[in-house]
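Shown next, in structure tokens, is the structure this report addresses.
Every chain is numbered from 1, with letters handed out A, B, ... down the list of sequences.
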Protein chains: 2
Amino acid sequence: MVHDSPMSARPATARSGRPPALEPGAEGVGARLRRLREQAGISLSELARRANVGKATLSGLENGTRNPTLDTLWSVTAALGVPITALLAGQQAGTVRGTAVEATLLQVFDDDAVTYELYRMVVPPGAAQVSPAHHAGVTEHITVFDGVLRAGPIDAPLTAHPGEHVSWRSDVPHLYEAVGDHPVRASLLIRYPRP
Amino acid sequence: MVHDSPMSARPATARSGRPPALEPGAEGVGARLRRLREQAGISLSELARRANVGKATLSGLENGTRNPTLDTLWSVTAALGVPITALLAGQQAGTVRGTAVEATLLQVFDDDAVTYELYRMVVPPGAAQVSPAHHAGVTEHITVFDGVLRAGPIDAPLTAHPGEHVSWRSDVPHLYEAVGDHPVRASLLIRYPRP
DNA sequence: CGCGAGCGTTCCGCAAACGGAACGGTCGCT
DNA sequence: AGCGACCGTTCCGTTTGCGGAACGCTCGCG
């Protein structure tokens, strides 16, 4: 689910015919930047000087009327001494919503030969979600904390009760579904071997 | 220290006369994006279609020859179903280096009236760091785990041994310094009241 | 009072990021 | 072999983010 076809309910990032106001995330970034700058106790002009960016750029950025470049963001956050993620985080970062599954990315373990992604997952009752196949070798591992989950390959789904663990190779289409009328809370670990 | 004058050793983000290659962070972002896309098992063309961006844009982004706009990043990460921070994180995110202090941002508590930032801090022996004043009302709180620390307002610094706690109002210039030849490990909590 | 210093915003020419189209290359199918 | 579908890269005209300069404003000081 996690990486699959957000085609359906994509958070309207349409570029066509943009009105004066920018996409939803932008003014959040601007406001966050202004707060960080004021916390640091420096003026807009001063920050522009330190970061080697124009005052116009900074002004437009804070007011949400510009759509900054990545290296503008780098310069500004570096001059403030904060990680670049400080500007982007906070807005539902890491939460992925599918048709019937909501998953929050808790952690990524990125080793040489394999990457793990750990999610906290909630499946509400009454709806099922089907996800297309992942790459070969990818496996998913779910531990159920609450509720009863049916998940796994479409033609051979597995059932897990609280405290139980299921896993399968997800290089085939697979589904997630809550059994009964309780939402399912679970942890989801996806393992991606390096090709 | 944390927010103060990274003027000295700024991670050269100079914009003047940029060579074909971009600033250090960029190709990391491109590589990370390519990995995410391949993990999702979709082609560059397919991702361009889903994200509503040009293939040229995506190609240039993955190869590090372009300096993407924030909303390009939004579109792409949204289409991949990953948080935007997935592209930026990983490279020393949250670590701030001063002349004699290295601090890692562990957590930010952002309430209505006040913001707290919690850092893990290491002060190597032999060097001192002076930080200019913060805004009025800002206070710092340090708990020493290891080593002996001298810190606080320049004209009245405090000394803390392992297990001890010091705090001061940081609206005046203040310093951090390890006493003796052991590095100091400590936690640093900065409290910023909303003006 | 006048005036210089600093603030944040707006205007402007230029560089570059953007999407669309065209390109060559590699498959799989008839 | 031929051919259509798709891949990722490159070219190109348009859009827009960029820094610098000018602007109006608010202070603090002589």
- [ ] Figure out the CG/C1' separation between N67(B) and dA15(C), and round it to whole Å.
- [x] 12 Å
TODO: With DNA chain D as reference, determine whether V53(A) or G60(B) sits nearer its 5' end, using the nearest nucleotide of each.
DONE: G60(B)
Task: Short N-O contact, E140(A) and R169(A), less than 4.0 angstrom - done: no
Task: Whole-Å distance separating the CD atom of E62(A) from the P atom of dG8(C) - done: 8 Å
Open item on the list: Whether the side chain of T69(A) engages the backbone of T72(A) through a donor-acceptor N/O pair (distance < 3.5 Å, no angle test) should be reported.
Closed with: no
Task: Euclidean distance, atom CG of residue L61(B) to atom P of dA16(C) [Å, nearest integer] - done: 17 Å
Task: Closest to side chain of P68(B), choosing from dT9(D), dC18(C), dG19(C) - done: dC18(C)
- [ ] For dC18(C), take OP1 and OP2 only and decide whether either is under 4.0 Å from a side-chain N or O of R66(B).
- [x] yes
Open item on the list: Need to verify one output field. Residue with the more 5' nearest nucleotide on DNA chain C, L44(A) or G54(B)?
Closed with: L44(A)
Open item on the list: Check whether R37(B) reaches the backbone of L47(B) with its side chain - one donor and one acceptor, N or O, closer than 3.5 Å.
Closed with: no
Task: Side-chain N,O (S43(A)) to OP1/OP2 (dG6(C)) below 4.0 Å - done: no
Open item on the list: Of the options dG8(C), dC18(D), dT9(D), whose atoms approach the side-chain atoms of T69(A) most closely?
Closed with: dC18(D)
TODO: In whole angstrom, give the distance that lies between atom CG of L47(A) and atom P of dG8(C).
DONE: 10 Å
Task: Between P of dC7(C) and CZ of R34(A), the distance in whole Å - done: 14 Å
Open item on the list: If I take atom OG1 from residue T57(B) and atom CZ from residue R66(B), how far apart are they, to the nearest 0.5 angstrom?
Closed with: 4.5 Å
Open item on the list: I need the CG-P distance between L70(A) and dT16(D), as an integer number of Å.
Closed with: 20 Å
Open item on the list: Would you say N63(A) places a side-chain N or O within less than 4.0 Å of OP1 or OP2 belonging to dT9(C)?
Closed with: yes
Open item on the list: Output the rounded distance in Å from CG (D71(B)) to C1' (dG17(D)).
Closed with: 11 Å
Task: Rounded distance (Å) that lies between atom C1' of dG8(C) and atom CD of E38(A) - done: 12 Å
Open item on the list: When you measure from the side-chain N and O atoms of S59(B) to the phosphate of dG8(D), is any distance below 4.0 Å, counting only OP1 and OP2?
Closed with: no
Task: Side-chain N or O of S45(B) closer than 4.0 Å to phosphate OP1/OP2 of dC7(D) - done: yes
- [ ] May I ask you to decide whether E38(B) forms a salt bridge with R35(B), counting only side-chain N to carboxylate O separations under 4.0 Å?
- [x] no
Open item on the list: Does dG6(C) have OP1 or OP2 under 4.0 Å away from a side-chain N or O of R49(A)?
Closed with: no
Task: Nucleotide nearest T57(B) (side chain, heavy atoms from C-beta), chosen from dT9(C), dG19(C), dC11(C) - done: dG19(C)
